[in-house]
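Proteins come first, then strands; the chains are lettered A, B, ... in the order of their sequence lines, and each starts at number 1.
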Amino acid sequence: MPELPEVEVVRRGVAAHVLGREIAATTTFGARVLRRHAPGPADFADRLTGRVITEARRRGKYLWLVVGDDALVVHLGMSGQLLLAVPGAPDPKHLHARFTFAPDPAREPVELHFVDQRTFGGLALVERDAAGIPLPVAHIARDPFDPEFDPLAVARRIVGRASGIKRQLLDQTIVSGIGNIYADEALWRARIHGERPGERLTKPAVVRLLDHARTVMTDALGEGGTSFDSLYVNVNGESGYFSRSLQAYGREGQPCRRCGTPIRREHFMNRSSYSCPHCQKRPQTTR
DNA sequence: TATATCTCCTGCGGGC
DNA sequence: TGCCCGCAGGAGATAT
């Protein structure tokens, strides 16, 4: 499940292989991949042809390639992958877009594929604002890896709301990049139950929690991200190894590595939350 | 405005 | 073997 570390791994891979390359042709398959590109596939392909990719940037789980004043925004959703391929190789299953590049005598020929099994991901070619952020990403808050991320300002906002802390961690307009896995891991490290209302936390406690989130995602980045199956891989199709280091997520019934109490799984927002019943006491009353 | 829930989607695994 | 169902979950849309 691509959260911030997984998207950053992909961004680095893409940057290493396609920066400076000129897009020769773009082919998309099916309407869904461009559902956020209102002008449609012909416009998408026409406007990308001949453009040179000059930067690969990221905010939270959004990744974009800078082409002139515009940005090719990529969101991986649940199962999106950007994969490097040898030109002429057979199309992989669930291929939604193919980018080919003009010949470069100094570099190996390569294609870039956007593959997505569950089709929650998508592409769009959009304008950027004065700060260089693509317009559809402008509402996304800074992530904990951003040099201008302000933990105290985020904490101030979180403690001003009644909503549960995990719900707020997952709200990309409050803090971006954190998904279900790293939210559970950060909450476990901070010994906080995800349903604790923000207003019942202190600002220092939230700052510590955000620091745990940054730390756990840094650790995950060092191991290439978290892979449970083939749905998350880097641009070369390789899995990350952080799933072996998870303390809470996916460990239902296994002993907490701090106190030995079996990890519990609870339903939350149509998904699952994992926590230690002993270390992370459920709040007395919730709304 | 704040908060909560629904919907999209496909492949896998378990139960029968 | 084949069918059905639940599950995984990011984010925008919709409801309260």
Practice problem: Figure out the CE/P separation between A:Met269 and C:dG12, and round it to whole Å. | Solution: 13 Å
Quiz prompt | Value rounded to 0.5 Å, distance of OG in A:Ser275 from CD in A:Glu266 | solution = 5.0 Å
Quiz item: OP1 or OP2 of B:dA2 less than 4.0 angstrom from a side-chain nitrogen or oxygen of A:Ser163, does that happen here?
Solution: no
Self-check item: Gap between atoms OH and P, on A:Tyr182 and C:dG10 respectively (whole Å)
Solution: 11 Å
Quiz prompt | Donor-acceptor pair, side chain of A:His96 and main chain of A:Asp116, under 3.5 angstrom | solution = yes
Practice problem: For A:Gln81 and A:Leu76, run side chain to side chain contact (heavy atoms under 4.5 Å, CB included): C-alpha distance rounded to whole Å, both residues' side-chain angles, the deciding distance at 0.1 Å, then the answer. | Solution: CA-CA 6 Å; A:Gln81 302 171 342; A:Leu76 301 177; 5.9 Å; no
Quiz item: Does the side chain of A:Glu6 come under 3.5 Å of the side chain of A:Tyr182 through a donor N or O and an acceptor N or O?
Solution: yes
Quiz item: Considering only side-chain heavy atoms of A:His94, which listed nucleotide, C:dA8, B:dT5, B:dG11, is closest?
Solution: B:dG11
Practice problem: Using only side-chain N and O atoms of A:His75, determine if any of them is under 4.0 Å from OP1 or OP2 of C:dA11. | Solution: yes
Quiz item: Out of C:dC7, C:dG12, B:dT10, which nucleotide sits closest to the side chain of A:Arg118?
Solution: B:dT10
Self-check item: Six-ring centre of A:Trp188, A:Arg257 cation under 6.0 angstrom, axis tolerance 45°
Solution: no
Quiz item: Is any side-chain N or O of A:His139 closer than 4.0 Å to OP1 or OP2 of C:dA11?
Solution: no
Quiz item: Can you tell me how far P of B:dT5 sits from NE2 of A:His267, to the nearest Å?
Solution: 14 Å
Quiz item: Within the structure shown, what part of the strands sits under 4.0 Å from A:Ser79 by heavy-atom distance: base, sugar-phosphate, or nothing?
Solution: nothing
Practice problem: For C:dG12, take OP1 and OP2 only and decide whether either is under 4.0 Å from a side-chain N or O of A:Arg35. | Solution: no
Quiz item: Roughly how many Å is it from CD1 in A:Ile174 to P in B:dA4, rounded to a whole number?
Solution: 11 Å
Self-check item: Which nucleotide in C:dC7, B:dA4, B:dG11 has an atom nearest any side-chain atom of A:Arg265
Solution: C:dC7
Quiz item: Counting only side-chain N and O atoms of A:Gln172, is one of them less than 4.0 Å from OP1 or OP2 of C:dA11?
Solution: yes
Quiz item: Any side-chain donor-acceptor pair under 3.5 Å between A:Lys166 and A:Ser273?
Solution: yes
Quiz item: Rounded to the Å, how far apart are A:Asp171 CG and C:dA11 P?
Solution: 10 Å
Self-check item: Closest to side chain of A:Arg167, choosing from B:dT5, B:dT10, C:dG10
Solution: B:dT5
Quiz item: Looking at B:dC9, B:dT10, C:dG10, which one has an atom nearest to any side-chain atom of A:Thr119?
Solution: B:dC9
Quiz item: How many Å lie between CZ on A:Arg36 and C1' on C:dA13, as a whole number?
Solution: 11 Å
Quiz item: Between A:Tyr62 and C:dG12, does any side-chain N or O lie under 4.0 Å from OP1 or OP2?
Solution: yes
Quiz item: When the distance from CG of A:Leu170 to C1' of C:dG12 is rounded to whole Å, what number comes out?
Solution: 15 Å
Self-check item: Rounded interatomic separation in angstrom, taking CD from A:Gln168 and C1' from B:dT3
Solution: 10 Å
Quiz item: A:Arg161 side chain N/O closer than 4.0 Å to the phosphate oxygens (OP1, OP2) of B:dT3?
Solution: yes
